[in-house]
Amino acid sequence: GVWRQTKALLFKNCLIKCRTKKSSVQEVLFPLFFLFWLILMSMMHPHRKYNEVANTNLGTLDTSMLVNFVIGYTPPTRMAREIMKKVAFDHFEDDIITEEYLSEEELQEASAFKPSNFVGVVFTGSTSYQLRFPDSIAMASIYTESR
């Protein structure tokens with residue numbers, strides 16, 4: 001019955017493994033090789049553990065640098081207006097002036113004629129943005145040292 005068929009199948013598989021020693025060794029050694037390679041790679045790039053930062057009082061924000069600070073933004077969508085209103089009025093009251101522009105070209109022209117305290121915000125999505133400074137662009141870094 002079943003036991004005799006199972007025993008014959010096991011015997012057949014043992015014979016095949018004995019006759020094809022090269023492929024049998026490869027079946028065992030390749031996973032061990034890749035495991036060793038993964039361990040070696042993880043040892044070459046160790047994870048960094050950062051210590052906790054103690055709570056410190058940073059004091060009040062010096063808003064004298066933000067007097068007459070101009071933030072221009074584009075495109076003038078509902079979400080962009082809400083975000084800029086929250087930035088300007090909820091956090092800095094009357095120190096920051098916000099201006100909306102219809103296009104990125106208008107924003108660049110305005111930054112050429114405004115003083116050095118002008119920063120442009122270009123909303124690329126509903127909440128994603130790029131900051132535009134006069135003659136340069138600052139973008140977030142997409143590189144991380146360790147995951």
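Reckoned from all heavy atoms, side chains included, excluding hydrogens, waters and symmetry mates. Please read these numbers as outputs of a predicted model, since none were measured by experiment.
- Tracing side-chain contacts under 4.5 Å through hydrophobic residues (I, L, V, M, F, W, Y), one reaches L32 starting from V25; they form part of the same cluster.
- For the atom pair NZ of K7 and CZ of R4, the computed distance is 9.5 Å after rounding to the nearest 0.5 Å.
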Candidate pair L40 and W37, rule side-chain contact (heavy atoms from CB on, under 4.5 Å), full reasoning:
CA-CA 5 Å; L40 183 67; W37 189 256; 4.3 Å; yes
Show your reasoning for whether side-chain contact (heavy atoms from CB on, under 4.5 Å) applies to F118 and L107.
CA-CA 10 Å; F118 182 85; L107 181 73; 3.8 Å; yes
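- Atom CD1 in I39 sits 8.0 Å away from atom CZ in F36 (nearest 0.5 Å).
- In this structure, OG1 on T77 lies 11.0 Å from CE on M84, to the nearest 0.5 angstrom.
- Contacts classified as salt bridge (charged side-chain N to carboxylate O under 4.0 Å, His left out) and involving residues 69-83 (residues at least two apart or in different chains) are given here: R78-E82, R81-E100.
- The side chain to side chain donor-acceptor pair (under 3.5 Å) search around Q26 returns none, not counting sequence neighbours.
- Residues Y101 and T74 approach most closely at O-OG1, 2.9 Å, considering heavy atoms.
- For the atom pair L15 CG and T20 OG1, the distance stands at 10.5 Å (nearest 0.5 Å).
- Taken to the nearest 0.5 Å, the OH atom of Y73 stands 10.0 Å off from the CD atom of E99.
- Following chains of ILVMFWY side-chain contacts shorter than 4.5 Å, one can reach I83 starting from L131, so the two form part of one hydrophobic cluster.
- Residue A80 comes nearest to P75 through the heavy atom pair CB-O, 3.6 Å, listed as atom of the first residue, atom of the second, then distance.
- Atom CG of N13 and atom CG of L9 lie 5.0 Å apart (nearest 0.5 Å).
- Linking ILVMFWY residues whenever their side-chain heavy atoms come closer than 4.5 Å, directly or via other members, places M43 and L35 in the same cluster.
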